[in-house]
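Values below: every heavy atom of this structure, side chains too, minus hydrogens, waters and symmetry copies. Both counts, for ligands and for their atoms, begin at 1 and track the order of listing.
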Amino acid sequence: MSDKAGRVHETWSSRWTFIMAATGSAVGLGNIWKFPYIAGENGGGAFVLIYLFCILAIGIPVMIAEVLMGRWGRSSPVHTMYKLVDDAKAPRIWHGIGWMGVVAGFIILSYYSVIAGWAIRYFLQVAGGAIQSIDGQAASDLFTSMLSSTGTLVFYHSLFMVMTMFVVIAGVTKGLGRAVRILMPVLMVMLVILLFFSMRIGDFPAAFKYLFSVDFSSLSGPAILTALGHAFFTLSLGMGAIMVYGAYMPDHAPIGKTVLTVAGLDTLVALMAGLAIFPIVFANTAIAPGEGPGLLFISLPVAFGNMPGGMAFGMLFFALVTVAAWSSSISLIEPAVSWLVETGKATRLQAGVGFGLICWLLGLGTVFSFGPWEDIRLFQFNFFEFADFLTANIMLPVGGLLMAIFVGWMMDQTIVRQELDIERDWVFNLWRAVLRVFSPIAILWVTLEGLSDIFGWEWLSLMSWLS
Ligand code: PFF
């Protein structure tokens with residue numbers, strides 16, 4: 001346990017470093033790749049609004065709780081939960097929060113790495129001139145041809161996994177932490193430039209209307225569940241990644257303000273990515289908003305291929321997407337690695353290599369699901385879709401639900417208040433009320449309704465019980 005093991009971790013040098021690391025974890029493929037495509041699959045406006053609401057009313061309160069747990073426990077999520085459960089004299093079943101996070105991290109990293117591999121591949125494609133003057137149809141063909149080459153996908157998946165392990169083994173605060181501090185702002189600036197460019201060549205009014213005009217009639221139970229799940233995914237919540245970073249946070253840094261900054265930056269990047277991508281989508285009949293996971297990789301090459309200096313710009317863009325994914329991927333495996341290192345049973349090297357191999361193997365399932373396994377379905381999902389659904393839409397929200405209940409109801413409230421000492425009374429009370437009552441009910445409800453719609457399990461629907 002943490003106290004016996006002592007503080008085996010380095011502490012972030014400052015609150016700012018924590019913000020950068022947490023933002024590094026939060027901003028990643030979820031913002032640039034996933035948000036636009038799921039917004040497109042779920043009809044735009046109403047989905048975006050629900051997503052923003054979930055960030056504000058559920059994500060931020062739960063994030064505060066997760067950071068607080070981590071800072072109090074000061075160790076890996078598994079050991080933090082041991083300590084917190086001991087302190088609160090809660091039943092041992094609550095240890096499950098830590099363990100579930102470890103498993104969720106493995107599964108997410110397994111497919112995350114495959115998609116990050118696509119970004120590396122695209123960096124090289126752009127460098128090789130493959131997207132010069134490309135149109136929507138050719139961009140779509142280019143993407144399909146990449147997917148049909150299993151060997152290519154395995155190669156880039158492996159490369160990204162090696163990159164991730166390299167940083168994980170070297171330790172968290174060195175190297176990448178420093179790089180992210182410079183590269184994240186560059187990514188933001190590039191997104192702004194890209195946004196202006198796609199405004200010029202694309203159909204910006206249509207994109208804006210699509211993303212921000214709300215038509216609730218297009219919203220289904222599963223769409224709401226996807227929005228909730230994505231709020232957790234994009235903020236890296238519910239699985240211990242933020243908890244383990246919280247463990248490295250200085251004692252008296254204000255948690256509330258810090259969390260707001262991270263969530264604000266994360267949301268900004270997602271919206272900018274959407275506003276850069278959809279104008280191009282609407283200006284090209286060959287690209288559909290509901291295109292799916294290929295949306296980013298089909299739409300943006302059309303912009304890069306047709307703008308002055310597009311080759312350099314495109315290369316830089318995909319390089320930065322890779323870096324953003326990289327700084328997220330290390331946080332996906334850090335809960336597992338830090339746990340094993342703390343037990344004293346393995347070094348960082350051994351833990352990193354061992355866990356990396358497991359994720360790599362699991363990732364092959366995702367690779368194949370874009371090729372030979374495309375039609376192998378569990379319920380209606382192929383392997384990749386199932387891994388994504390299970391983690392983002394079930395495990396992370398359930399993890400968040402349990403954290404909200406644990407901090408809201410089980411933990412000693414004087415500790416909780418003490419951890420949030422800088423927060424004003426009314427802010428604290430509001431946060432606590434939302435965390436104790438609103439967040440758990442909302443998460444539970446949305447998850448049950450979503451599942452009941454997706455699988456046709458009506459008995460799960462609270463609505464049908466009530467009516
Ligand atoms: N937040 C990351 C993204 O949006 O790409 C993904 C992620 C990282 C999810 C770490 C969960 C996590 F623990």
**OP:** Examine distances only and state if a side-chain atom of Ser113 and a backbone atom of Ser110 form a donor-acceptor pair shorter than 3.5 Å.
**Re:** no
Original post:
Do Arg71 side-chain atoms and Met249 backbone N/O form a donor-acceptor pair below 3.5 Å?
Top reply: no
Subject >> Residues Asp86, Arg92: salt bridge by 4.0 Å N-O rule >> reply: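 So Asp86 does not pair with Arg92 through a salt bridge.
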Pairs under 3.5 Å, N/O atoms on ligand 1 and on the protein: can you put them in a table with the distances?
residue: ligand 1; atom: 1 (N); partner: Ser25; partner atom: O; Å: 3.2
residue: ligand 1; atom: 1 (N); partner: Ala26; partner atom: O; Å: 3.0
residue: ligand 1; atom: 1 (N); partner: Phe233; partner atom: O; Å: 2.8
residue: ligand 1; atom: 1 (N); partner: Thr234; partner atom: O; Å: 3.2
residue: ligand 1; atom: 1 (N); partner: Ser236; partner atom: OG; Å: 3.0
residue: ligand 1; atom: 4 (O); partner: Ala26; partner atom: O; Å: 2.9
residue: ligand 1; atom: 4 (O); partner: Gly30; partner atom: N; Å: 3.4
residue: ligand 1; atom: 4 (O); partner: Asn31; partner atom: OD1; Å: 3.4
residue: ligand 1; atom: 5 (O); partner: Leu29; partner atom: N; Å: 3.1
residue: ligand 1; atom: 5 (O); partner: Gly30; partner atom: N; Å: 2.7
residue: ligand 1; atom: 5 (O); partner: Tyr112; partner atom: OH; Å: 2.5

Run the side-chain donor-acceptor check on residues 389-405: report pairs under 3.5 Å with partners two or more places apart or on a different chain.
residue: Thr391; atom: OG1; partner: Ala387; partner atom: O; Å: 2.7
residue: Thr391; atom: OG1; partner: Asp388; partner atom: O; Å: 3.2

Original post:
Looking just at side-chain N and O atoms, do Trp360 and Ser158 make a donor-acceptor pair shorter than 3.5 Å?
Top reply: yes
**OP:** Run the salt-bridge test on Arg348 and Glu334 with the 4.0 Å N-O cut-off and return the result as yes or no.
**Re:**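 Yes, charged N to carboxylate O under 4.0 Å.
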